[in-house]
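Reviewing the structure listed below.
Predicted, not measured: the structure shown is a model, and the values here were computed from it.
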Amino acid sequence: MSRKRITSRMLGKAELRAAGLKAINPQLDFGNSRSVEQLTDLIAKLRARIDAYNTALAVIDSSKSEIESLEKMLGELTEQLLIGVAYQYGNDSREYEMAGGVRKSDRVRRSSISRIRANAESQSSQQLPTS
C-alpha cells in the first residue's frame, strides 16, 4: 500500500489570491514583510517542500516494494534449499534439522480423538448464547 501524497488547499488558495493582488499592483507592499513578493516567495517554498515530500514518499514506496520482492525470493530459496537437504539426507536426518527443518520423528501428532474434542470445544465457544 503506497503512502498518500499530499496536496495543499492553502497553496491553491494563496496562488489565486496572489494572482488577484498582482492584478491590482505587482509591487504592492504594506510593510512588515507583507508584500506580493513575500507571498510569491512563500508560495514557491511551500510548493518546493510539498514536491520534495511527495518525491521522498515515491522513493520509500519503491524501496518497500523492492524489499518485499527480495523477501519473497529469499523465502522461496530457503524453502527450496531445505527441500534439497530433505531429498539428499531425508527429512528425519540431523542435517535436515541443522538446516532449520523439524525432523519427522520429532513432530508431535495429536491423536484423532483429541483433535475431534478440540474441534468441538472451539465450535461451542464460538456460538453466542441466546437470551
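For L57, the side chain to side chain contact (heavy atoms under 4.5 Å, CB included) partners two or more places apart in sequence, or in a different chain, are R3, R5, Y53, N54. Annotation: side chain to side chain contact (heavy atoms under 4.5 Å, CB included) contacts of E79 (sequence neighbours excluded): I83. In this view, R94 and E97 satisfy the salt bridge (charged side-chain N to carboxylate O under 4.0 Å, His left out) rule, not counting sequence neighbours. In this view, R49 satisfies the salt bridge (charged side-chain N to carboxylate O under 4.0 Å, His left out) rule with no residue, not counting sequence neighbours.
For the atom pair OG1 (T55) and CD1 (I50), the distance works out to 11.5 Å, reported to the nearest 0.5 Å.
Proximity of R9 to K13: side-chain heavy atoms (C-beta onward) are nowhere separated by under 4.5 Å.
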For residues 98-107, dump all side-chain donor-acceptor pairs below 3.5 Å to protein atoms at least two apart in sequence or in another chain.
from	atom 1	to	atom 2	distance (Å)
R103	NE	D92	O	3.1
R103	NH2	D92	O	3.1
S105	OG	D92	OD1	2.7
R107	NH2	V102	O	3.3

Please report, to 0.1 Å, the donor-acceptor pairs under 3.5 Å made by any side chain of residues 69-76, with sequence neighbours excluded.
none

I'd like a table of donor-acceptor pairs (distance under 3.5 Å, sequence neighbours excluded) in which one partner is a side-chain atom from residues 22-37, with atom names and distances.
from	atom 1	to	atom 2	distance (Å)
N25	OD1	Q27	N	3.0
D29	OD1	G31	N	2.9
S35	OG	Q38	N	3.2

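For Y96 against A86, the heavy-atom pair with the smallest separation is CE1-CB, 3.4 Å.
Connection of I6 to L11 is established within a shared hydrophobic cluster, with ILVMFWY side chains joined at heavy-atom distances below 4.5 Å, either directly or through further cluster members.
As a member of the Ile/Leu/Val/Met/Phe/Trp/Tyr network built from side-chain separations under 4.5 Å, L77 groups with L81.
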